[in-house]
Amino acid sequence: MDDKIFDEDISRLALLKRGGALALAASALAAMPARAVAAAQAARATTTLSVWAYQPLLKGGYSDVFQTFMNRYHAKHPAFIAKYQPYAYEDYFTKFRTALVSGKGIPDMMEADWSGKYHELIDNKALLRLDPYLTKGFPKFFGGIVNQMTYKGGQYGVAMDQNSLSLAANMDMLKDHGLSFPRTQGELIAAAKKLRANGIQPIADDQMNEWASADHFFDQLAYTDKSGSLSLALRQAEVGKRKWTDPVFLAAAEAAVRMAGSGVYADGSEGLDIISAYQAWTAEKTAFVFPYIPGGIDPLILSLRPNIFNYDFNPFPPPSASIKGRAIGGAAVIWSIPAKSKNIPAALDLLRTFTNPYAARTLLYRSLIPAFATKVPPTQSARFKKAVRVQAEVASRAIFNANVQVALSDNMHSVNAGRMSAKQLVQALQDAA
Amino acid sequence: MTSRVNTAGALFIAPAAVFFSIFLLFPTLAAIALAFTTWDGYALSGIHWTGLDNFSALVSDAVVRTAFRNTLVFVASTVVLLNVVGLGLALLIQTRVRGHDYLRVAMFVPLAVSPVVTAVIWQQLLGPYGILNSALQQLHLHAGTVGFLTDPALVNKTVITAAVWQYSGFNMLLYYAALQGLPSELVEAATVDGALWWNRLRYVVIPYLRPVIAVVVVLNLIGGWKVFDLVWVLTQGGPNHGSEVLATDLYNEAFKLSSFGYSSAIGVVIMALALVSALARRRIAFGSTA
């Protein structure tokens, strides 16, 4: 029987054939944009570089800086896109070890530890040796930083930025008490006595945080180790070329014990972490606070006390006026390339993007300090300009041997509390080595 | 029929058995195996068999000895205090004393707070410029600061106090639930016979609660042996290992010093202690007849 459709006599078979032809034509038409899209996508095919770090995703923080650099890299290398993957520090090296053992998900660029684990990574051949590549497209890093990054004759990491730890003072309070910023340890002790007599605690000292607890050893070592910013004593002891009981370390320990017993640290400093130390200082319970990290700690200060008093900073004072004050510090964010990265040339280019002069200007505008000589923008504060000047001469505050670093952090709690002697401290370091 | 029931039963427990095997049994066996090796975690080829070396090193390790001692004190103190406080509160609420509803909720609130938040609260309370020290100075009860978290003589007591504050509600809840099943005739009969409250408690209530006490004590023991989070956030085992417990030492050995073999040995010790505690349940519940 024939069907009528659109006033036309048509058989069912013919109708089916027409419908089939229409369907085929529609598919072809629909496929055209899809093919065009696929072609466009194939043309845009990118390789993703994985970048790992333990800096959290914080607006205005390091992660923003990393993303800026990664965007610049992609603009210059459209075939590559860098993706930032943050992990909490506590999980970070476990994740990396897991990736290494499984052979899967190894990052192309990673933040290396600023202390103990750096040498461990190198001993396990986990990092690419960077020396052959550093002569091209990388700046001339400060000598002390290069020393820190060098192990077993090779450099395996590059410092994106560095920071210093100093002593900050409430200058209004000092002026009210007829004091000026102490220039020597003797002046600091005298100032502490005067402040205590007037019911003010001297230094709110972060002795609780593990990363800060050992700093008063390094403060003193900055003056007992005459190699200055090269910190040769530390670098030699890390590789067994100098004992931890060496006179240079013993002298630093003795000075640390002396300072701990002199009353310069506020009562209860053993129980102060970085936040509570700054809470006490901004509440004007103490005249000084340690450690002050120029640029990095100022947002915390302003968050605790928006109308902050006039404050200034200087390195922890030297033993005498004839010695120039020297801050401690070193590399802040260290970048390395895993030896098993699948995209080493691209990762090296990415690393160059993180450390070139353009990157340096970005760091400076964000109050971070590059690990090489740079010109500070005129818009930056006088305090920040001072911090940048200090950077070239900082002495190291890291021990790249996990056992010794942990032993130092643990035992300095006892030193700061007056429960351990200098000889016991250096012996504990030697035992841990 | 029996075969069909067995097959059906096996199929029902299969998912749980697979989950248990993958996420509990296998990692436990792996940790036990690692305890007899040295390994820094970077490559499987780096695992080296060392036999009992890790266990003999534990015995001579001063930090482990300190950690064991602190953990033992923590376990002994918290088991006693948690059960005394928990049972006491449950009995108090049972008497329908004025405000018992509020008390029941108030004692349970700390349990709902994470140990991390608990530790932060106690840090703010007990820090050198915290509320308690400020109050002591304002009231002229103490001149300087009291090192609740930094004085080796006080730090463990502080940790125990924080733990009792946090977990008493858990014990209270279990005892209160058990007390609901206590036949009132037993208590009334004892009262009619002239028994004082202490004798009622000793000869009627506690014997009735004995199986529950056994379970609660074992749970407290196991929790005590593996305590970590509260200690870590409060003191990180400091000052200078003063409040170190076995679990925090395990963490340091594994994740700071990359000694996975040695830290696994510590883990085996913790597991053994918890297992012994679990086996003690019958003894506690049924006494020497168990």
Side-chain angles (χ1 to χ4, degrees), chain A residues 89-94 96-103 113 115-117 120-121 123-126 201 204-205 207-210 213 266-273 275-277 279-281 283 285-286 340 401-403 405-407 409-417 419-420 428 431-432, chain B residues 39-47 61-63 66 119-120 122-130 132-134 136-137 142-155 158 232-244 248-249 251-260 262:
Chain A
Y89 181 78
E90 294 75 20
D91 299 331
Y92 185 77
F93 288 100
T94 303
F96 182 64
R97 277 189 276 246
T98 308
L100 271 187
V101 170
S102 69
D113 198 17
S115 68
K117 296 233 173 353
E120 203 177 277
L121 290 166
D123 287 335
N124 282 280
K125 300 180 172 43
Q201 293 287 326
D205 195 41
Q207 292 181 7
M208 203 165 172
N209 281 130
E210 187 192 314
S213 62
D267 295 342
S269 282
E270 290 181 83
L272 290 179
D273 60 11
I275 303 291
S276 48
Q279 282 173 335
W281 183 63
K285 291 180 181 168
T286 72
K340 290 185 179 172
N401 175 315
N403 287 327
Q405 175 75 43
V406 168
S409 298
D410 287 343
N411 287 290
M412 277 301 291
H413 283 127
S414 296
V415 166
N416 290 331
R419 291 192 292 268
M420 183 174 269
D431 291 342
Chain B
W39 188 40
D40 59 8
Y42 282 93
L44 292 175
S45 57
I47 300 176
D61 187 336
V63 174
T66 301
V120 170
W122 283 91
Q123 276 181 335
Q124 289 296 313
L125 197 61
L126 302 175
Y129 296 96
L132 192 53
N133 266 305
S134 298
L136 287 171
Q137 284 164 17
H142 198 275
T145 57
V146 180
F148 292 106
L149 294 169
T150 54
D151 184 344
L154 288 177
V155 66
T158 306
W232 188 257
V233 181
L234 264 177
T235 62
Q236 294 202 347
N240 202 5
H241 307 294
S243 62
E244 195 86 66
T248 55
D249 192 33
Y251 181 91
N252 286 329
E253 289 290 343
F255 300 110
K256 283 191 197 170
L257 302 176
S258 302
S259 300
F260 288 95
Y262 193 64

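Letters A, B, ... mirror the listed sequences (proteins, then strands); counts begin at 1. Note: hydrogens, waters and symmetry copies are ignored here, and every other heavy atom, side chains too, is used.
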B/Asn252 vs A/Val406, test: side chain to side chain contact (heavy atoms under 4.5 Å, CB included). Steps then yes/no.
CA-CA 9 Å; B/Asn252 286 329; A/Val406 168; over 6 Å; no

Quick one: closest heavy-atom pair of A/Met420 and B/Asn240, and the distance?
CE-ND2, 4.2 Å

Decide side-chain hydrogen bond (donor to acceptor under 3.5 Å, both in side chains) for B/Thr145 and A/Asp267; before the verdict, give the C-alpha distance in whole Å, the side-chain angles of both, and the deciding distance to 0.1 Å.
CA-CA 6 Å; B/Thr145 57; A/Asp267 295 342; 5.6 Å; no

Output for pair (A/Arg97 CZ, B/Phe260 CZ), nearest 0.5 Å, gives 3.5 Å

For the student: nearest non-hydrogen atoms of A/Gly271 and B/Pro128, plus distance:
O-CD, 3.5 Å

Could you measure the distance from the CE atom of A/Met208 to the CD atom of B/Gln123? Nearest 0.5 Å is fine.
5.0 Å

Partner set under salt bridge (charged side-chain N to carboxylate O under 4.0 Å, His left out) for B/Glu244, not counting sequence neighbours:
none

Once you round to the nearest 0.5 Å, how far does CG of B/Leu149 lie from CD of A/Glu270?
10.5 Å

Counting heavy-atom pairs closer than 4.5 Å to chain B, which one of A/Val101, A/Leu100, A/Asn124 comes out on top?
A/Asn124

Option in B/Ala254, B/Ser258, B/Gly237, B/Gly147 with maximal non-hydrogen atom pairs under 4.5 Å from chain A:
B/Ser258

Contacting region of A/Met412 [heavy-atom separation from chain B under 4.5 Å]:
neither

Check whether B/Asp40 gets within reach of chain A through its side chain, its backbone, both or neither, counting any heavy atom under 4.5 Å.
both

Whatever's closer than 4.5 Å to a heavy atom in chain A on B/Phe148 counts as neither

Are any side-chain N or O atoms of A/Lys117 and backbone N or O atoms of B/Lys256, one a donor and one an acceptor, separated by less than 3.5 Å?
yes

How many angstroms lie between atom CG of A/Asn403 and atom OG of B/Ser259, to the nearest 0.5 angstrom?
6.5 Å

Does some side-chain heavy atom of B/Tyr129 sit less than 4.5 Å from a side-chain heavy atom of A/Lys285?
yes

Is there a side-chain contact between A/Arg419 and B/Pro239 (heavy atoms, below 4.5 Å)?
yes

Quick one: what part of A/Ser276 sits under 4.5 Å from any heavy atom of chain B, side chain, backbone, both or neither?
neither

Would a 4.5 Å heavy-atom cut-off, applied to side chains only, mark B/Trp232 and A/Glu90 as touching?
no

Name the member of B/Ser45, B/Pro152, B/Gly130, B/Gly46 that forms the most heavy-atom pairs with chain A at distances under 4.5 Å.
B/Pro152

dist B/Gln236:CD -> A/Asp410:CG (nearest 0.5 Å) comes out at 10.0 Å

B/Tyr42 side chain near A/Lys125 side chain, heavy-atom distance below 4.5 Å
no

Heavy-atom pairs under 4.5 Å with chain B are the metric here; pick the option from A/Asp91, A/Thr98, A/Leu121 that has the most.
A/Leu121

